[in-house]
Undergrad: 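Here it is, the structure, as structure tokens.
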Amino acid sequence: MPSPPASPRPVHLWGLARIIVGALTIGILLHAWALRVSAGDGNPFDYFGYFTNQTSLIASVVLIAAGVTNLRGLRPSDGLILLRAVTTTCLLVVGLIYNVLVPGTGSAPPWVSAALHVALPVLVLADWIFAPDRRPLAWRMLWITLPYSLVWLTVVLLRGATDGWVPYGFLLPERGAVSLWSHVAGLLGALLAAAAVVWALSRVRTVVYASGGRNGPDRPEGR
């Protein structure tokens with residue numbers, strides 16, 4: 001049975017912050033979707049087909065779940081920590097691709113893009129680095145970051161080949177097989193590189209661990 005953390009006050013405050021960030025992000029996503037609906041382009045499969053929107057929604061739910069766990073005074077399960085690692089990895093890729101490769105693209109208001117492509121990845125990464133309830137991850141679990149992105153890519157490529165819709169221009173089938181698969185390989189490579197960073201950061205000591213004290217991290221997950 002989960003045991004309560006040794007320092008409830010900081011953990012409870014962290015949990016409240018997580019819930020606020022998660023709820024605000026969901027609100028931003030719904031606001032941006034409402035703008036598209038009012039413009040006659042409110043297909044939810046298109047809107048939530050974007051990796052940014054989909055990952056931001058999932059990350060928000062995970063943040064809220066982690067926050068509720070904190071407020072209940074419980075230590076997070078191994079599964080919840082792995083979910084946080086996966087969403088942190090995906091948002092690192094979102095921030096990297098948007099801010100380095102395709103800055104300023106998209107039809108969303110600039111403040112929405114800044115919130116989803118800059119603020120949220122930074123906050124989620126900071127949460128991963130400094131949260132008092134993180135535990136080190138076993139390197140053999142690095143593969144867990146791939147299934148979700150592979151499913152997303154598969155659905156997007158199938159849609160591109162059938163109804164012609166893709167969320168990003170570099171995934172258009174008419175660009176040719178070499179360009180398409182080069183970008184797919186690049187995306188998966190970026191994902192694994194980001195995952196390696198997240199896994200490495202999981203082993204960096206924070207000020208207070210959920211196990212209490214300053215004696216270092218708990219044992220890695222999955223061992």
Side-chain angles (χ1 to χ4, degrees), residues 21-22 25-26 28-30 32-33 36 41-66 79-103 105-108 112-113 115-125 127-128 137 141-199:
V21 171
T25 301
I26 291 174
I28 291 170
L29 287 166
L30 293 177
W33 185 25
R36 292 188 58 160
D41 184 25
N43 186 332
F45 296 103
D46 292 353
Y47 180 74
F48 288 103
Y50 285 88
F51 192 73
T52 296
N53 296 344
Q54 197 174 113
T55 302
S56 297
L57 179 61
I58 296 171
S60 298
V61 173
V62 171
L63 277 174
I64 292 172
L80 183 56
I81 291 176
L82 282 173
L83 280 174
R84 285 182 54 220
V86 172
T87 54
T88 301
T89 297
C90 291
L91 284 174
L92 278 179
V93 174
V94 165
L96 174 68
I97 291 178
Y98 181 84
N99 294 289
V100 176
L101 299 181
V102 288
T105 60
S107 59
V112 172
S113 291
L116 298 181
H117 296 101
V118 180
L120 184 61
V122 168
L123 288 172
V124 168
L125 180 61
D127 178 65
W128 181 253
L137 301 174
M141 295 300 296
L142 196 68
W143 67 270
I144 203 72
T145 57
L146 289 175
Y148 162 64
S149 295
L150 286 172
V151 170
W152 177 82
L153 277 169
T154 300
V155 172
V156 165
L157 293 177
L158 286 173
R159 287 199 63 185
T162 54
D163 62 18
W165 184 91
V166 294
Y168 308 108
F170 54 79
L171 294 176
L172 285 168
E174 53 264 35
R175 290 184 178 270
V178 173
S179 173
L180 180 62
W181 292 110
S182 295
H183 280 96
V184 168
L187 286 171
L188 293 177
L191 187 78
L192 286 175
V197 171
V198 169
W199 255 246

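For the single chain, residues carry numbers from 1 onward in sequence order. Keep in mind it's a predicted model, so treat the numbers as computed, not measured.
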Undergrad: If I compare all heavy atoms of Pro121 with all of Ala115, which pair ends up nearest, and what's the gap?
TA: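 Nearest heavy atoms, Pro121 then Ala115: CD-O, 4.4 Å.
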
Undergrad: Is there a donor-acceptor contact under 3.5 Å from the side chain of Arg36 to the main chain of Asp41?
TA: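 Present.
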
Undergrad: Looking only at non-hydrogen atoms, find the nearest pair between Ile26 and Ser60 and report the distance.
TA: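 Heavy atoms only, the tightest pair is CG1-CB, 3.6 Å.
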
Undergrad: Hey, what do you get for CG (Leu63) to OG1 (Thr25), rounding to the nearest 0.5 Å?
TA: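 The CG atom of Leu63 sits 7.0 Å away from the OG1 atom of Thr25.
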
Undergrad: Can you tell me how far CG of Leu123 sits from CG of Asp127, rounded to the nearest 0.5 angstrom?
TA: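 With rounding to 0.5 Å, CG (Asp127) is 8.5 Å from CG (Leu123).
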
Undergrad: Counting N and O atoms only, with roles assigned by atom type, does the side chain of Tyr47 sit under 3.5 Å from a partner on the main chain of Leu29, one being a donor and the other an acceptor?
TA: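 Yes, Tyr47 side chain to Leu29 backbone: donor-acceptor pair under 3.5 Å.
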
Undergrad: Are the side chains of Trp199 and Thr145 in touch, meaning some heavy atoms are under 4.5 Å apart?
TA: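 Result yes, sub-4.5 Å side-chain heavy-atom pair found.
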
Undergrad: Give a yes or no on whether the backbone of Arg84 and the side-chain of Thr87 come within a donor-acceptor separation of less than 3.5 Å.
TA: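 Flag set: sc Thr87 to bb Arg84 pair under 3.5 Å.
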
Undergrad: For residues Trp165 and Asn43, determine if any side-chain heavy atom of one lies less than 4.5 Å from a side-chain heavy atom of the other.
TA: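 Trp165 does not reach Asn43 side chain to side chain.
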
Undergrad: Report yes if the side chains of Leu125 and Leu91 come closer than 4.5 Å at any heavy-atom pair, otherwise no.
TA: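 Of all side-chain heavy-atom pairs linking Leu91 with Leu125, none is under 4.5 Å.
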
Undergrad: State, to 0.1 Å, how close Phe48 and Leu57 come at their nearest heavy-atom pair, and which atoms those are.
TA: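 Looks like CE2-CD2, 3.9 Å.
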
Undergrad: Where the side chain of Tyr98 meets the backbone of Leu116, is there a donor-acceptor pair that is under 3.5 Å apart?
TA: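 Judged by distance alone, no pair lies under 3.5 Å.
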
Undergrad: Should Tyr168 and Thr52 count as side-chain neighbours, where that means a heavy-atom distance under 4.5 Å?
TA: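 Of all side-chain heavy-atom pairs linking Thr52 with Tyr168, at least one is under 4.5 Å.
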
Undergrad: If we check side chain to side chain contact (heavy atoms under 4.5 Å, CB included) with Leu83, which of these qualifies: Ile58, Ile144, Val62?
TA: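 Between Leu83 and the candidates, side chain to side chain contact (heavy atoms under 4.5 Å, CB included) is satisfied uniquely by Val62.
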
Undergrad: Over all heavy atoms of both residues, which pair between Ala66 and Leu80 is shortest? Give the atoms and the distance, please.
TA: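 Shortest heavy-atom contact: CA-CD2, 3.8 Å.
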
Undergrad: So, does Arg159 use its side chain to make a donor-acceptor pair with the main chain of Pro167 at under 3.5 Å?
TA: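 Not confirmed, Arg159 side chain does not pair with Pro167 backbone.
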
Undergrad: Please give me the minimum heavy-atom distance between Gly49 and Val156, naming the atom from each residue.
TA: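 Closest heavy-atom pair between Gly49 and Val156: O-CG2, 4.4 Å.
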
Undergrad: Less than 4.5 Å apart, side chain to side chain, heavy atoms only: is that true for Val86 and Val198?
TA: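 Not touching, per the 4.5 Å side-chain cut-off.
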
Undergrad: Is there side-chain contact between Val124 and Leu92, with at least one heavy-atom pair below 4.5 Å?
TA: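 A side-chain contact is absent here, since even the closest heavy-atom pair is not under 4.5 Å.
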
Undergrad: Working to the nearest 0.5 Å, report the span between CZ of Phe170 and CG of Leu187.
TA: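 Between atom CZ of Phe170 and atom CG of Leu187 there are 5.0 Å.
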
Undergrad: Trp33 vs Phe45, test: ring pair (Phe, Tyr, Trp, His ring centres under 6.0 Å). Steps then yes/no.
TA: CA-CA 11 Å; Trp33 185 25; Phe45 296 103; 9.9 Å; no

Undergrad: Considering only heavy atoms from C-beta outward, does the side chain of Val151 approach that of Tyr148 to under 4.5 Å?
TA: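 With C-beta onward as the side chain, the pair stays apart.
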
Undergrad: Show the nearest heavy-atom pair for residues Leu172 and Gly164, with the distance to one decimal.
TA: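 Minimum heavy-atom separation between Leu172 and Gly164: CD2-O, 4.5 Å.
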
Undergrad: Do Leu142 and Leu137 make a side-chain contact, defined as non-hydrogen atoms from C-beta onward lying under 4.5 Å apart?
TA: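 With C-beta onward as the side chain, the pair stays apart.
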
Undergrad: Report the C-alpha separation of Trp181 and Leu157 in whole Å, then their side-chain angles, then the decisive distance to 0.1 Å, and conclude whether the side-chain contact (heavy atoms from CB on, under 4.5 Å) test is met.
TA: CA-CA 10 Å; Trp181 292 110; Leu157 293 177; 4.0 Å; yes

Undergrad: Within this structure, what is the CG-CG distance for the pair Asn53 and Asp46, rounded to the nearest 0.5 Å?
TA: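 Going from CG on Asn53 over to CG on Asp46, the span is 11.0 Å.
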
